[in-house]
Colleague: 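If you scroll down you'll find the structure; I have some questions about it.
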Amino acid sequence: MRDPAPTAVHLSDYRPPAWLVDAVHLTFRLDPGATRVLSRIAFRPNPAVPRGDLRLDGEQIRLISAAIDDAPLGDAALAPDETGLTLPADQLPDGPFTWTAEVEIDPAGNTALEGLYMSRGMYCTQCEAQGFRRITYYPDRPDVMAPFSVRIEAALPVLLSNGNPVDSGDGWAEWHDPWPKPSYLFALVAGDLAAVSDRFTTASGRGVALNIWVRPGDEDRCAYALDALKRSMRWDEKVYGREYDLDVFNIVAVDDFNMGAMENKGLNVFNSKFVLASPETATDQDFERIEGIIAHEYFHNWTGNRITCRDWFQLCLKEGLTVFRDQEFTGDMRSAAVKRIDDVLMLRARQFREDNGPLAHPVRPESYVEINNFYTATVYEKGAEVIGMLKRLVGEDGYRAALDLYFDRHDGDAATIEDWLRVFEDATGRDLSQFKRWYSQAGTPRLHVTEAWESGTYTLTFRQETPPTPGQPAKAPQVIPIAVGLLNPNGHEVVPTTLLEMTEAEQSFRFDGLAARPIPSILRGFSAPVILTRQPDNAERAFLLAHDTDPFNRWEAGRALAKDALMRMVTDGAAPDTAFMEALGRVMADTDLDPAFTALALRLPGPDDLAQGLYEAGVTPDPLAIHAARETLSTAIAGAHAGRLEELYRAMDVPGPYSPDAGAAGRRALRQAALSYLTRLDGGRLAGAQFAAARNMTEELAAFDCLLRAGAGAAAAARFYDRWQADRLVLDKWFTLQAANATPAEAVAVTRRLTEHPDFDWTNPNRFRAVIGAFAMMNPAGFHDPSGAGYELVADWLIRLDGRNPQAAARMASAFETWHRYDADRQAQMRAALQRIRDRAELSRDMDEMTGRILEG
Ligand code: TRP
Ligand code: ZN
């Protein structure tokens with residue numbers, strides 16, 4: 001199976017298809033080991049290009065017969081290779097023709113979870129990015145769009161596909177999707193499923209049937225997802241003027257799924273962990289994630305489906321925009337300030353890590369070997385940041401005008417980033433040629449700042465610089481929107497938020513007529529995805545933490561104090577910084593603050609964030625020293641503020657029935673943050689009491705987490721297991737917390753023991769991630785154990801998983817992307833682990849590309 005020289009695909013090689021598709025008819029005769037797929041495809045020459053061969057993609061399928069205009073093709077004319085078959089132009093009719101074929105596929109044997117596969121007795125598909133070619137022969141590329149009609153035959157109660165239901169009977173159902181779509185949006189689901197249903201009336205009066213399909217027994221966990229769906233539909237009408245366009249909208253929850261969810265037209269398929277929620281089984285965080293992902297997939301109906309991508313290099317066209325839209329939605333549903341902080345935390349943890357390592361790539365990559373490896377934080381999260389910058393630059397009205405034009409002009413198209421930028425240029429008159437570099441240059445820009453103060457004039461001078469990334473040694477200056485506000489020394493804002501547009505490598509901005517030298521608040525709202533290198537003294541940070549009117553920068557000031565305190569503890573063995581702890585005390589005492597904000601302020605920078613920061617400062621990070629510093633500082637905070645923490649714990653109790661709303665969730669978040677500090681003082685007494693009396697999963701899991709970290713979690717682990725062993729999603733949490741919280745000395749052994757547990761079903765992606773992913777990504781002190789045993793453990797499991805599910809395995813290889821940060825011994829061990837993965841005889845193309853790029857970069 002190993003491909004000796006996997007070939008790269010290049011953006012510059014794009015050619016439009018020689019043949020277009022007018023209609024697709026598919027019949028599925030479902031059978032676990034031998035499903036038959038009959039296809040009838042109406043082709044027509046693409047008038048825009050010269051006549052050419054017709055390439056049909058097809059992988060891991062058995063061709064039984066094929067015909068052109070009902071004339072059967074002989075074996076000689078049909079010579080499929082490993083990846084498809086080519087019908088030469090000179091053997092095809094001059095004009096339109098119909099291709100029919102019958103193929104056989106093996107859903108039960110499909111462990112890659114791409115194409116048609118089975119999950120606990122249920123048939124389901126995943127076609128993005130290139131899974132449709134595992135279902136039948138087809139030009140499996142997003143710029144070929146067609147209406148689909150589907151007939152499903154199977155002795156199963158529920159048979160679903162895209163679009164509207166046409167007709168059904170005993171053992172069969174027919175569907176028609178009138179909206180032309182690329183094959184990656186095709187979906188089919190069949191099984192014994194139960195629906196939770198509702199109706200929605202669109203702004204123009206169209207009635208839509210809404211269904212969430214789940215395993216019988218899970219119906220009582222769908223209410224929140226359904227409510228989130230209706231709110232998403234209303235929001236997209238109100239904010240973007242976008243209505244839903246079919247008679248039904250179906251969502252299915254599946255237990256075996258490679259990612260979060262998939263936006264198939266009219267038939268979204270979800271990882272069950274992002275649909276199912278009840279107060280007893282899901283945490284506040286789960287509820288918020290469900291809301292965000294339901295919205296994300298729904299929003300794809302316009303940004304992704306009605307307007308799709310010309311080719312996979314344009315992935316950020318749909319993903320960056322749809323992430324941006326779901327972030328706006330959550331900001332509107334909850335606290336916009338808290339949402340922004342959460343998003344930046346995520347961006348820095350995942351995207352900055354990627355952008356500053358061997359896997360760095362542009363938001364629009366220029367080549368790939370396996371496209372599944374490019375569903376990355378850069379394409380998604382940095383892609384969303386780029387749109388946020390565009391919106392800041394053109395303003396609310398300009399943005400709305402550009403988006404209206406985008407939907408108007410490109411509805412039904414397979415579009416490009418050039419198309420996207422042109423609507424902004426045409427709607428606003430702006431030249432975006434320099435801005436476009438955000439799509440082509442990888443790496444996180446560093447923004448250096450110097451200040452000058454002279455007789456009433458304050459000058460900020462910025463210098464930008466982007467470090468080299470793989471394949472890109474030199475970078476040109478980018479357009480950086482820098483939101484700045486100025487405060488006077490007694491804490492009043494003298495210059496409200498102003499957007500500075502930096503376009504040069506170095507550029508100054510003047511503020512005149514000031515009575516006193518101001519204190520600057522730079523990059524408000526995190527107005528650009530850059531690293532601000534300015535290191536103001538801690539007095540200034542404390543001042544901003546107390547007075548800044550911009551909530552993001554207020555939080556950022558506290559964050560910088562914490563980071564500085566921790567870095568000095570790691571590098572100089574400094575004691576916990578009292579100024580930081582006092583500032584934190586003032587935040588805790590400020591009852592005007594949103595509890596969710598205070599909870600975020602109480603959260604110390606994570607170990608990986610500190611490792612990034614140390615590496616950036618020229619210090620080789622020691623994961624054990626980082627772990628120790630965080631422990632010491634946390635205990636010092638607890639000791640310094642015991643009274644206040646107890647008070648918060650009491651005051652933030654949320655009585656009455658559980659509600660997942662942002663207000664209640666924020667109070668619970670602050671209460672759990674307090675509990676986590678208090679556990680350092682009482683050895684787990686309070687956490688134990690909370691665990692025993694927990695009224696919902698948020699309380700139960702937080703208490704369990706505290707007990708584990710206090711080294712007092714054995715009894716709680718046993719009880720939690722007894723209570724939840726039959727619930728897959730809750731049991732995932734049980735595995736995750738133990739792998740993530742094990743002490744550095746025990747982490748490898750604990751994780752190994754978890755992998756030996758009878759419930760460790762490594763073939764289920766959620767369970768695999770709950771153990772191996774949690775250990776590798778959430779327990780750095782364990783993963784980077786000086787013996788190298790952590791790397792060995794993860795490599796062993798990635799080798800095993802690569803043989804079964806290359807996509808899921810390759811994604812997790814990014815645990816090794818930070819090797820360059822560490823000391824020589826760890827570097828050698830990490831590289832050896834990667835090399836051992838590569839030495840696997842049947843190495844997948846996915847893993848080959850990932851490990852190769854990590855090692856070379
Ligand atoms: N398009 C999906 C989303 O962003 C993500 C996705 C891409 C996906 N490839 C996938 C999901 C494979 C599951 C499996 O919402
Ligand atoms: Zn998406």
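Quick note: numbers below take in every heavy atom, side chains included, and nothing from hydrogens, waters or symmetry partners. Both counts, for ligands and for their atoms, begin at 1 and track the order of listing.
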Colleague: With carbon and hydrogen excluded and only N/O/S kept, which atom of Glu319 is nearest the Zn ion (ligand 2)?
Modeller: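 That would be atom OE1.
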
Colleague: Tell me which one of Tyr380, Tyr375, Tyr184 gets a heavy atom nearest to atom 3 (C) of ligand 1.
Modeller: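 The option holding the nearest heavy atom is Tyr380.
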
Colleague: Angle subtended at the Zn ion (ligand 2) by NE2 of His296 and NE2 of His300, to 10 degrees?
Modeller: 100°

Colleague: Which value, rounded to the nearest 0.5 Å, describes the distance between Ser367 atom OG and Leu11 atom CG?
Modeller: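 Here the rounded value is 9.5 Å.
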
Colleague: Are Tyr368 and Phe313 close enough that their ring centres sit under 6.0 Å apart?
Modeller: yes

Colleague: Determine the minimum heavy-atom distance between Asn301 and Asn305, stating which atoms define it.
Modeller: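 Closest pair (atom of Asn301, atom of Asn305, distance): O-CB, 3.3 Å.
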
Colleague: Under 4.0 Å from a heavy atom of Gln807: give me the atoms of ligand 1 that qualify, with their elements.
Modeller: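 Reading through ligand 1 atom by atom, the close ones are 12 (C).
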
Colleague: May I ask you to check whether Phe270 and Trp213 place their ring centers less than 6.0 Å from one another?
Modeller: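 No, the ring of Phe270 stays outside the 6.0 Å limit from the ring of Trp213, centre to centre.
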
Colleague: To the nearest 0.5 Å, what is the distance between OG1 (Thr444) and CG (Asp355)?
Modeller: 3.5 Å

Colleague: Taking only heavy atoms of Lys318, which atoms of ligand 1 are found under 4.0 Å from at least one of them?
Modeller: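 Counting atoms of ligand 1 from 1, those under 4.0 Å from Lys318 are 1 (N).
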
Colleague: Going by the atom numbers of ligand 1, which of them fall below 4.0 Å from some non-hydrogen atom of Glu263?
Modeller: 1 (N), 2 (C), 3 (C), 15 (O)

Colleague: Among Glu319, Glu418, Arg364, whose side chain to side chain donor-acceptor pair (under 3.5 Å) with Gln314 holds?
Modeller: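 So the option named by the test is Arg364.
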
Colleague: Regarding Glu263, does it place an N, O or S atom less than 2.8 Å from the Zn ion (ligand 2)?
Modeller: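 No, Glu263 does not qualify, because none of its backbone or side-chain N, O or S atoms lies under 2.8 Å.
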
Colleague: In terms of residue, atom name and distance, what is the protein heavy atom nearest to atom 12 (C) of ligand 1?
Modeller: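 So the nearest neighbour among protein heavy atoms is Gln126 NE2, 3.3 Å.
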
Colleague: Under a 4.0 Å threshold between the charged nitrogen and the carboxylate oxygen, would Lys273 count as salt-bridged to Asp732?
Modeller: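 Between Lys273 and Asp732 there is no salt bridge, as every charged N stays at least 4.0 Å from the carboxylate O atoms.
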
Colleague: In terms of atom number and element, which parts of ligand 1 are under 4.0 angstrom from non-hydrogen atoms of Met262?
Modeller: 1 (N), 2 (C)

Colleague: Is there a nitrogen or oxygen of Asn372 sitting under 3.5 Å from a nitrogen or oxygen of ligand 1?
Modeller: no

Colleague: Starting from atom 8 (C) of ligand 1, which protein heavy atom do you reach first, and at what distance in Å?
Modeller: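 Nearest neighbour among protein heavy atoms for atom 8 (C) of ligand 1, to 0.1 Å: Met259 CE, 3.5 Å.
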
Colleague: Below 4.0 angstrom from a heavy atom of Glu297, which ligand 1 atoms are there? Numbered from 1 as shown, please.
Modeller: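 So the atoms of ligand 1 that pass are 3 (C), 15 (O).
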
